[in-house]
Amino acid sequence: MKPLGISPWIPLYARILLMDIKEQLSQALDKVVDDFKQEGLISQEQKYKFNVDIPRNRQFGDFSTNLSFLMAKDLKKAPKEVASIIMDKFNRELAPAIGKIEIAPSGYLNFFANQGFVHDVIKKIETQDEAYGHTSAGNGLKVQIEFVSANPTGPLNVVSARAASVGDAMGNFMKAAGYDAFKEFYVNDAGVQARLFGESFRVRYLQLFGFENEIPENGYHGEYLIELALLAKNNSYFAEYDDPQSIPVESFSKVGLEWMLQKQKEDLSQFGVHFDCWFRETSLHADNKPLKVLEILKQRGHVFESEGAVWFRSTDFGDEKDRVLVKTDGNTTYFLNDIAYHHDKFERGFQKVIDIWGPDHHGHILRMKAAMKALGHPEDSLEILIVQQVNLLRKGEKVKMSKRAGQIETMEDLVKEVGVDAARFFFLLRGSDSHLDFDLEVAKYQTNDNPVFYVQYAHARVCSVFAKAAEKGVPILSTSQVDLNRLALVEEAEIVKILANYPDVVADAARAYEPHRVVRYLMDLATRLHQYYNQFQIIGDDVELSKSRLVLLKIVQIVLQNGLNSLGVSQPERM
RNA sequence: GCGCCCGUAGCUCAGUUGGAUAGAGCAGCGGUUUCCUAAACCGUUGGUCAGGGGUUCAAGUCCCUUCGGGCGCACCA
């Protein structure tokens, strides 16, 4: 891994040269605001959260700011007038990459980058290479992301797969954006469900020996337990018992859960998702964490006893009813265990905790946040995101899922059908809190209608052009060996501008917990590349021009690689 | 009944922590073309941002409300 951002040993002039143009602009504008303060035109405490945006329409410049609107009120002047004063005060030495500055009739200040900007961006991307996109936006904030966390009582389904895609990409983008991100999977290997699973497993196992037992009412009816029972029998998992009926339920639970957990780990690993920690609920109980956290809640006065149970007064925090922590049978509830787990996360030093939950848990958000508040953790230190359900389609027709028969669409089947790349990409096509229609057929198309193909092909296309260049004896050189001034087309400047924005897109995706923004970005970049390719000859008679254009393709390739890599999607050289 | 998510072009969806004339793909319409890998490319039609009210210099975006969808409301996990 290369060092993040701008390395400290680069001389000062080079740092200014390489510094993001938006950063240049922000600082120059900050200076302008300071000047206003020096002159006493606005109060010292006044702060403006102005934007430096890339306007949609090119005629509005390469960058624009709304600062004049924000200051207009305090200065009691029209925005356009304010813009004029800002322009006068604007110190151009602080923003050498800026050429022309314009005041729009509306009052916007529009900035046009000079050609040097294009060169700077190209050099920066070439230098940073696979570290391009890394920033220090997150300031090293210690963040934990917990996701998937499916019960080890069955195979992973498609919603888990979606959560895996979202959580993993988010972790990757947060790391790139300078957060200290940690990925964790909570293993629910204790409690009622674990026991029910063991009982169900036991029934399936005994059936193989001719004992006709019934699976408990709320047990697990899926066929995978029959397969597991067969496996257990054939491999003599319970060899130490002569009589199958004498095998305790606990043994079934333990063996079954470990087997399922192993299976989940393998599936996720194959999916390209790797966790920093698999946290076991049993370890929580081993340290008596639930009762310890209950004690804290008691001391803070949020607990009461009623009807033989122990309750958390969550209504104090806006919940519609109070919640049970310890049942009348003396067992702790899932809720209390989960409170203990989340409290433990903070005890481990995480400053920010992000949970990604399935749609069936969204009713629990309020009470968990209430519990964290009750424990004294800052209001926004816990963020809970919901990954919504996935509708599997086949050529527009809904794929029938019969949960009653225990048939669920498993992650394994999905990956088997469409592959890892398509699955991971499709799951990040939409915001995670909206329902996703996943068309299995479209995901397999080898055409532009398939967004994964479209983006991956952009990468393959660059590789293909490089192969052609080699064939024709045109070398792929570094920026210092070509004349970047030959990249004089508007289309080329536009592509470079998009490339320049990549670190911001990553940082924004991380800040907003919305990894799909990067997917949108990559689709946009791919579009630009395809258009450019279709319109202009990369390798032509003008060898010098060809060399320059190959450099442009090279840096496009770098960004495509960095983006796809963070998404867990491969970058094929040929398709 | 209560809570959360959603409602943007014919369809599927974007819309950058409130910013300029709301965008893309598909479908439709019109045209070009066999060129470094594609039945491809280019252009174009189409929206009262579900309806109403409010805050603001500025609202698809924030607040209230109505309608219409989805999901969740266990001493299960």
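Numbered from 1 within each chain, the chains take letters A, B, ... in sequence-line order.
Scanning for side-chain contact (heavy atoms from CB on, under 4.5 Å) contacts around A:Gln537 gives an empty result, with sequence neighbours left out. Residues meeting the side-chain contact (heavy atoms from CB on, under 4.5 Å) test with A:Asp439, sequence neighbours left out: A:Leu393, A:Glu441, A:Val442. Residues passing the side-chain contact (heavy atoms from CB on, under 4.5 Å) test with A:Asp541, sequence neighbours excluded: none. In this structure, the side-chain contact (heavy atoms from CB on, under 4.5 Å) partners of A:Asp524, at least two apart in sequence or on a different chain, are A:Ile498, A:Arg528.
One can place CG of A:Asn534 at 14 Å from C1' of B:A39, the figure rounded to the nearest angstrom. When the C1' atom of B:C73 is taken as reference, atom CG of A:Leu366 falls 12 Å away, rounded to whole Å. Atoms CD (A:Glu441) and P (B:C26) sit 19 Å apart, rounded to a whole Å. Distance OH (A:Tyr220) to P (B:A77): 11 Å, rounded to an integer number of Å.
With hydrogens and angles ignored, a donor-acceptor pair closer than 3.5 Å exists between the side chain of A:His364 and the base of B:A77. For B:A20, the base has a donor-acceptor partner in the side chain of A:Asn110 [N/O atoms by modelled type, under 3.5 angstrom].
The nucleotide B:A38 finds no pairing partner, because no Watson-Crick or G-U wobble arrangement with both distances shorter than 3.5 Å includes it. Nucleotide B:G47 forms a pair with no other nucleotide shown, judged by Watson-Crick or G-U wobble geometry with both contacts under 3.5 Å. Across all strands shown, B:C13 is found opposite B:G23 as a Watson-Crick or G-U wobble partner, with both distances under 3.5 Å. Nucleotide B:G3 forms a pair with B:C71, judged by Watson-Crick or G-U wobble geometry with both contacts under 3.5 Å. Of all nucleotides present, none satisfies the Watson-Crick or G-U wobble test against B:C76 with each distance under 3.5 Å.
Between B:C13 and A:Arg430, a contact under 4.0 Å exists linking OP1 or OP2 to a side-chain N or O.
With the nearest nucleotide of RNA chain B identified for both A:Asn51 and A:Gly431, A:Gly431 has the one nearer the 5' end. Of the two residues near RNA chain B, A:Ile54 and A:Thr332, the one whose nearest nucleotide lies more 5' is A:Ile54.
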Using residues 77-85 of chain A as the side-chain source, report each donor-acceptor pair under 3.5 Å to any protein atom, sequence neighbours left out, with the distance given to one decimal.
none

Only distances under 3.5 Å count here; give the side-chain donor-acceptor pairs of residues 422-432 of chain A to other protein atoms, sequence neighbours excluded, each with its distance to 0.1 Å.
residue	atom	partner	partner atom	Å
A:Arg424	NE	A:Leu567	O	3.1
A:Arg424	NH1	A:Asp168	OD2	3.4
A:Arg424	NH1	A:Phe271	O	3.0
A:Arg424	NH1	A:Gly272	O	3.3
A:Arg424	NH2	A:Asp168	OD2	2.6
A:Arg424	NH2	A:Leu567	O	3.2

For residues 458-466 of chain A, dump all side-chain donor-acceptor pairs below 3.5 Å to protein atoms at least two apart in sequence or in another chain.
residue	atom	partner	partner atom	Å
A:His459	ND1	A:Gln571	O	3.4
A:His459	ND1	A:Pro572	O	3.0
A:His459	NE2	A:Gln561	NE2	3.1
A:Arg461	NH1	A:His530	ND1	3.0

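Of the residues in residues 315-329 of chain A, A:Glu320, A:Lys321, A:Val324, A:Lys327, A:Thr328 come within less than 4.0 Å of RNA chain B through at least one heavy atom, sorted by number. Non-hydrogen atoms lying under 4.0 Å from RNA chain B are contributed by A:Gln537, A:Ile538, A:Ile539, all within residues 537-555 of chain A. Within residues 443-462 of chain A, the residues having any heavy atom closer than 4.0 Å to RNA chain B are, in order of number, A:Asn448, A:Asp449, A:Tyr457, A:Arg461.
Residue pairs that meet the salt bridge (Lys or Arg N to Asp or Glu O under 4.0 Å) test with at least one member in residues 507-520 of chain A, sequence neighbours left out, are A:Asp508-A:Arg511, A:Glu514-A:Arg517. Within the structure, salt bridge (Lys or Arg N to Asp or Glu O under 4.0 Å) contacts touching residues 325-338 of chain A (residues at least two apart or in different chains) do not occur.
B:C49 sits 10 Å from B:G7 when the C1' atoms are compared, rounded to a whole Å. Separation of the P atoms belonging to B:G51 and B:A9 is 10 Å when rounded to the nearest angstrom.
A salt bridge links A:Asp355 with A:Lys345; the closest basic N to acidic carboxylate O contact falls under 4.0 Å.
For A:Phe60 and B:A20, the ring-to-base geometry satisfies the stacking test (centroid distance below 5.5 Å, interplanar angle below 30°).
Using modelled atom types and a 3.5 Å distance limit, the side chains of A:Gln456 and A:Asp421 yield a donor-acceptor pair.
We find the OG1-NZ distance between A:Thr282 and A:Lys254 to be 8.0 Å, quoted to the nearest 0.5 Å.
Taking the side chain of A:Ser464 as heavy atoms from C-beta on, and the options B:U17, B:U37, B:A77, the nearest nucleotide is B:U37.
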